[in-house]
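Below is one structure, written out as structure tokens; the observations come after it.
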Amino acid sequence: MIALACDHGGYEIKEAVRNYLENQHIPYKDFGTYDTQSVDYPVYAEKAARSVADKECELGIICCGTGIGVSMTANKIKGIRAAVVTNEFCAEMTRRHNNANILCMGGRVIDEQTAVKLADIFLHTPFDGGRHENRVNMITEIENRENS
Ligand code: RB5
């Protein structure tokens, strides 16, 4: 299950990704927003991020105007590694090296076609593990220290 969320700034690219998931028969849960009326991105980013942290969803794709606000929000949730991505190389590498579990994109930064391409790469690229596993574990250790 893929968690989707957006604010008004990310609505169009979220819809493009949602249509892609429909066409590919990839199950998703859409946490909103559901139109272009102005809303507060933390509300929606938190819902999607919690569903990934709680393992209801395996991965998330969340969008706002830049991708930055939703990523800052999602990264406050324990267990979330959310990455703002604007190109194909980073979409691949954030899965391979960072084991990112949420892809963040900006509707005022990239077009719908690019958003779908980046989502496709993100969803189909596995984590490399190995030396990268240790580094990702180090991020988790920092998170645990911070919250203790
Ligand atoms: C909304 O205007 C905009 O601030 C939001 O979509 C996002 O870009 C914040 O990071």
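Whatever order the structure lists ligands and atoms in, that order sets their numbers, starting from 1. Along the sequence shown, the residues carry numbers beginning at 1.
- With Lys14 as the partner, the side chain to side chain donor-acceptor pair (under 3.5 Å) test is satisfied by one option alone out of Thr33, Asn19, Asp30: Asp30.
- Closest to atom 9 (C) of ligand 1, if we only count protein heavy atoms, is Tyr41 CE2, 3.5 Å.
- Looking only at heavy atoms of the protein, atom 10 (O) of ligand 1 is closest to Gly69 N, 2.9 Å.
- Using a 4.5 Å cut-off on side-chain heavy atoms (C-beta onward), Leu21 and Leu4 make contact.
- Nearest residue to atom 8 (O) of ligand 1 from Thr66, Asp7, Val39 is Thr66 (criterion: closest heavy atom).
- Looking at Ile121 and Lys117, their side chains come closer than 4.5 Å, going by heavy atoms from C-beta outward.
- Each of Glu133, Arg95, His97 was checked for a side-chain contact (heavy atoms from CB on, under 4.5 Å) with Asp128, and the lone residue meeting it is His97.
- When each atom of ligand 1 is checked for a heavy atom of His8 under 4.0 Å away, the hits are 1 (C), 2 (O).
- Of the residues Leu59, Ile102, Val85, Ile2, the one that meets the side-chain contact (heavy atoms from CB on, under 4.5 Å) test with Phe122 is Leu59.
- The shortest separation from a heavy atom of Met72 to ligand 1 is not under 4.0 Å, leaving the residue out of contact.
- Every atom of ligand 1 with a heavy atom of Gly65 under 4.0 Å away is listed here by number and element: 5 (C), 6 (O), 7 (C), 8 (O).
- Counting only N and O atoms by type, the side chains of Thr114 and Asp111 include a donor and acceptor under 3.5 Å apart.
- The protein heavy-atom contact nearest to atom 3 (C) of ligand 1 is Arg108 NH1, 3.7 Å.
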